[in-house]
Amino acid sequence: MSDDYKAKLRAGSDPLVFFKSDDELERSGIARGHIMAAAVSHALRDGETLFIGANPLIPLAGARLAQLTHAPNLTMIAGASGGVNPLLDPLAPSSGDYANLVAEAVLPFHEVLMMFMGGHGDVFFAGGLQIDRRGNCNLATVGKHDMPVLRGPGSAGIPWASRARRTILYTTAHNKRVFVPSVDFVSLAGWPTESEVGIVSRGPELVITPLAVLDFTADGVMRLVSVHSGVSPQEVADNTSFELAMPTGEVPTTAQPTDLEMRHMRTFDLDGLLSIIVPV
Amino acid sequence: MSDDYKAKLRAGSDPLVFFKSDDELERSGIARGHIMAAAVSHALRDGETLFIGANPLIPLAGARLAQLTHAPNLTMIAGASGGVNPLLDPLAPSSGDYANLVAEAVLPFHEVLMMFMGGHGDVFFAGGLQIDRRGNCNLATVGKHDMPVLRGPGSAGIPWASRARRTILYTTAHNKRVFVPSVDFVSLAGWPTESEVGIVSRGPELVITPLAVLDFTADGVMRLVSVHSGVSPQEVADNTSFELAMPTGEVPTTAQPTDLEMRHMRTFDLDGLLSIIVPV
Amino acid sequence: MTTGGADGARGSKVLGIEEAIGLLPAHSESLWVGGMHMHNVPMALVRECIRQEKRFGTFYAGPSSSLAAELLMGARLVERVVVGYIGFEQLGLAPVFRRLVEKGTDIQIIEADPGSMLLGLQAGMAGQPFAPLPPGLERTSLPSTSPGFYQGVSDPFTGALGLAVAAIKPSVALVHCQQADEYGNGIFKGSMFSDHLLALAADRVFMQVEGLISNDQILKYPLQTGVPAMRVSAVVPVLFGCHPCSSHRYYNYDDVHLRLYMAAASSDAGFADYVKKFVTGPEDQEEYMRRVQNQDWSSIQ
Amino acid sequence: MTTGGADGARGSKVLGIEEAIGLLPAHSESLWVGGMHMHNVPMALVRECIRQEKRFGTFYAGPSSSLAAELLMGARLVERVVVGYIGFEQLGLAPVFRRLVEKGTDIQIIEADPGSMLLGLQAGMAGQPFAPLPPGLERTSLPSTSPGFYQGVSDPFTGALGLAVAAIKPSVALVHCQQADEYGNGIFKGSMFSDHLLALAADRVFMQVEGLISNDQILKYPLQTGVPAMRVSAVVPVLFGCHPCSSHRYYNYDDVHLRLYMAAASSDAGFADYVKKFVTGPEDQEEYMRRVQNQDWSSIQ
């Protein structure tokens, strides 16, 4: 094995850079990733404890941004790695990345998950191959379970979402394949339907996508809260295969990250990963 | 607080030395503690894994002696401290002593106990305020449980003895209060009685005392194996309040530690703790 | 969820001992004190509980409790005790525990074992309602003596009968770490005993430390953090705070003091004198250590 | 109970990779491979299992399995898979897993979740027959989809109904530590993921390491030993043995190789070519790394 190759492996490599175009690497502007991360930050409250799982870029960045701005007492646990309060030195694309160990503690993963199942989480982040109008999420199978048209990875930690006080959904793909009227497999249970009498479980609280921020009505139906800069309500509707509840009055625009927020994000997003999240 | 007192605390102190007489500190001879430790060593087999709990002097010394002589692949776990394969640098009287962390690994105590409950132990060491002729042990209460004449510390880890392949009992007190026909509370279950039809559990295998080594007959009755040098079978009988099964022929004398064994024990028993164990 | 500190700054959890224990209500549901035998026991916090007469419904005396159990029981601050082990290992039996039980006490004694208690604690940590036990206890006196603690359960996969204990989630845990930062990231410099699990399971964790270190120091080697700050309500620096128990790598247990305690506490009057001299008497830890060091036991019966 | 070594000397457990995996029977009951996502996965051991065509009844794909699950399923060496998560996280879905399931396979797929799997593993470690689950799964599709994995149980203390999983005790565990001594005292230089628990629970543990250190080095700082030697059957030093996954603090995952794998494995022929070139083809790890480094994927469909 050549020393060069050894050096490359030792140094590590950014798996996203591999497919990055020059254009995507352009960092000066505010990208969708920044808007989504800022939306996460704004949804968090000081002192909360967050559990973050796979594909962690958006919640990690948002949580760190919150720590650096309005929520210094927030605790975040970077899923697989077990890193507690990682400095994101730098923000890394895999939840199990060694970069997440520049942190205050490193817990074994089984303890992270058990603490979460034990109810120690204020906020849980989840997503899905499918997300439906009641906030149910599917990470298992699209189509029939025993002969699916799409075999997903499996349910991971999201079946336990109800153990947290509140769940925030996020996805980097806002399209009709993801936003379906009803999921084919319930990996994460959303808001109870009218027929589920007596079920008091709450579903997810918020959904953050590359197009918009959404929440749920008191009846548990997904509702548009705001559209990101440059996105119309119609574009959101066109990419959602069920009818969203709408806010009263005009749909507001999601808050753009401030200059300060952008500066903070650039201190930990050294590879510009937030710049290359684009709606699909 | 004076620097002297701080220094005393920092250096630690040997709790047994406190009540040691000059005579007891005499180290040149073979004491009962050495005979007992050697008996433990001889009972162990290479490659076994040992779990050792509170009051660990005899089993720790015996296990280390075994490692240094015939059982280099033996693993011992020093109970409370979680130390795995401590070098006994030096042998210390409390199972939770920091000295036990000169070791190969330090496990959290709950994992030590759970591993033991999980069946990872080949040999478990136990004792009791009372030990009866079927090998039952009592660490809880002597007399009626709700108004006992002697309140013991509680059952500690010994109720789980049957999770190990074999159990070795040891006690530094061989007298009629300890060796009773039937314990008042079963903290550790001995050999099944005739009435316990269908119980296949085995009781303890060996009992090592300051007077003798004992085992159990195929029927599960305690039997004298050997008496220590200077002890007569009658002395053992006089200090046991039930009738012991006897070996065929003359009762042999327990093997005296060899010169090599004594040299090994002196390398780790720096405070002469094994010299001050006397029959009570 | 914890908050604290001035707006915009992360809040320190460092408190004086009186202030920290003052956060406890007059009566808490349950208490588990960390450490084991005479090691890593947060004795300064325990003494402060007695000074402030904090009461607890259930005290979990496991995996092995020594002086903490003695003082809390002797001061009648606990209503019931789940006994895994109460004693002073090679130093001898626990005199107050003995006397109370042998003479009859209205403290409820629940005869248990440390293995089952720790499985219950593990279940409490993970949100499981109860913990099935491995086979083995059936032939001991424990299940019949403590039917409320041990219950029969049938394995839903095999139908086999076994025993179980309920999940344990102490409402208060007192633990000792050798070092912590001001936010409560604690380091065990020696054995962690069962205290890492305890800190993950309890509702509120009060941490006594020998000394504070900076958060930068924590960040330098996070693999040694034994208690993450998120689990900690207060950090209380107390020099020699485990005395007369040990603090691993800092100091050993004070066998002289412990033996004298055991002798004194063998009578009600002697125990009362001990408490007056060493627990309620000293106005702070400095004064406590002065009294310890003077070794003047003449006032104690 | 392990033995080894010449009479009077402690036995080394260091073995060559072929010899180590050769210790496995042709068919083992179950397998759990350590690491998580693309991190700390003992890929060299996994590849050797495929070279030697070792078969396993149940493969536990959790908490998150990537290339290990792909290769073992693609090579048809596992009869059933308990799925917690199989995928490449941000890199994408698992192509072999997808194709097998979407086209229909005789490998039995048990839809599960990592939390329940780890509670089952914890129960297996502690000798508990089963693990009750916290409330929360009832409204998901999991219990009805996998009724054999999830069973109803009633809490013997409250009567409340809930779910449970059976204890999991893998007959074989493959784990990666960055360092170990010749006896198997292993050190995780970064995250330990769930591998400490796995090593305590499994019947036989095979440990892959980047390099050996002396037992003296282990004794110098025993608090960092993540796997005690008593749990380890064999220690296999393999340089870059996790490739193309990461080994914390030693090297990152090789995203180039992984993406090319994912592209190749999207067809049966491409997967077969990949296995031939990178798994069964290379006679040893050196040759494997030479092929990796040449990056010549032209022979792969």
Side-chain angles (χ1 to χ4, degrees), chain B residues 1-2 5-6 8-16 18-19 54-55 57 80-83 93-98 100-101 106 108-110 113-114 116-119 139-141 145 147-163 185-189 192 196 199 201, chain C residues 36-40 61 63-64 83-87 89-91 93-94 97-98 100-102 104 111-115 118-119 121-122 133-137 139-142 145 190-197 240 243 246 248-256 258-259 286 289-290 292-293:
Chain B
M1 176 171 14
S2 75
Y5 202 84
K6 283 186 193 171
K8 173 193 172 302
L9 290 177
R10 287 223 165 88
S13 58
D14 170 6
L16 288 180
F18 185 68
F19 284 120
N55 291 312
L57 282 182
S81 71
S94 168
S95 60
D97 208 282
Y98 185 67
N100 291 332
L101 305 198
V106 181
F109 179 73
H110 68 278
L113 198 43
M114 288 178 191
F116 175 63
M117 296 162 88
L139 275 176
T141 45
H145 184 261
M147 186 73 83
V149 296
L150 174 62
R151 174 64 240 196
S155 297
I158 74 170
W160 299 103
S162 65
R163 302 296 292 165
F185 185 100
V186 179
S187 294
L188 177 157
E196 293 180 274
I199 300 283
S201 295
Chain C
M36 194 167 169
H37 292 308
M38 301 83 73
H39 305 282
N40 276 27
S64 165
V83 179
Y85 184 101
I86 300 177
E89 209 183 354
Q90 83 283 2
L91 301 177
L93 298 175
F97 179 41
R98 276 198 64 178
L100 284 173
V101 175
E102 292 168 15
E111 197 76 47
D113 76 281
L118 290 171
L119 287 180
L121 192 64
Q122 165 74 35
L133 302 182
L137 278 200
R139 293 180 62 238
T140 73
S141 303
L142 289 167
T145 305
S191 295
M192 56 167 70
F193 301 103
S194 308
D195 297 352
H196 169 75
L197 176 61
F240 288 101
H243 184 276
S246 83
H248 266 192
R249 201 155 137 188
Y250 275 65
Y251 46 88
N252 207 341
Y253 52 99
D254 184 345
D255 58 295
V256 179
L258 285 171
R259 285 182 190 272
E286 272 299 298
M289 286 307 293
R290 238 185 321 272
V292 164
Q293 170 189 350

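Letters A, B, ... mirror the listed sequences (proteins, then strands); counts begin at 1.
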Is the distance between the ring centroids of Tyr85(C) and His37(C) under 6.0 Å?
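That pair passes the under 6.0 Å test.
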Can you tell which of [options] has the highest number of heavy-atom pairs within less than 4.5 Å of chain B?
| options | answer |
| --- | --- |
| Glu111(C), Arg98(C), Met38(C) | Glu111(C) |
| Val83(C), Leu100(C), Leu142(C), Leu133(C) | Leu142(C) |
| Gly104(C), Gly190(C), Gly136(C), Pro114(C) | Pro114(C) |

Check whether any side-chain heavy atom of [X] sits under 4.5 Å from a side-chain heavy atom of [Y], and report yes or no.
| X | Y | answer |
| --- | --- | --- |
| Ser81(B) | Val106(B) | no |
| Val186(B) | Arg139(C) | no |
| Leu113(B) | Met117(B) | yes |
| Leu137(C) | Asp113(C) | yes |

Nearest 0.5 Å, please: how far is CE in Met114(B) from CG in Leu119(C)?
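Rounded to the nearest 0.5 Å, the CG-CE separation comes to 4.5 Å.
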Measure [X] against the heavy atoms of chain C and call it side chain, backbone, both or neither at under 4.5 Å.
| X | value |
| --- | --- |
| Asp97(B) | both |
| Ser162(B) | side chain |
| Leu150(B) | both |

Interface moiety of Ala61(C) toward chain B, non-hydrogen atoms closer than 4.5 Å:
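Neither part.
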Given a strict heavy-atom distance threshold of 4.5 Å, which part of Thr145(C) is in contact with chain B: side chain, backbone, both, or neither?
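For Thr145(C), side-chain heavy atoms alone lie under 4.5 Å from chain B.
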Students often mix this up, so state it plainly: with edges at 30° and 60°, are the rings of His39(C) and Phe193(C) parallel, tilted or perpendicular?
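Parallel: the ring planes of His39(C) and Phe193(C) meet at under 30°.
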If you count heavy-atom pairs within less than 4.5 Å of chain C, which of Ser95(B), Ser155(B), Gly119(B), Ala161(B) leads?
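Of the options given, most contacts go to Ser95(B).
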Looking at Ser94(B), Gly82(B), Gly154(B), which makes the most heavy-atom pairs under 4.5 Å with chain C?
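Greatest number of close heavy-atom pairs with chain C: Ser94(B).
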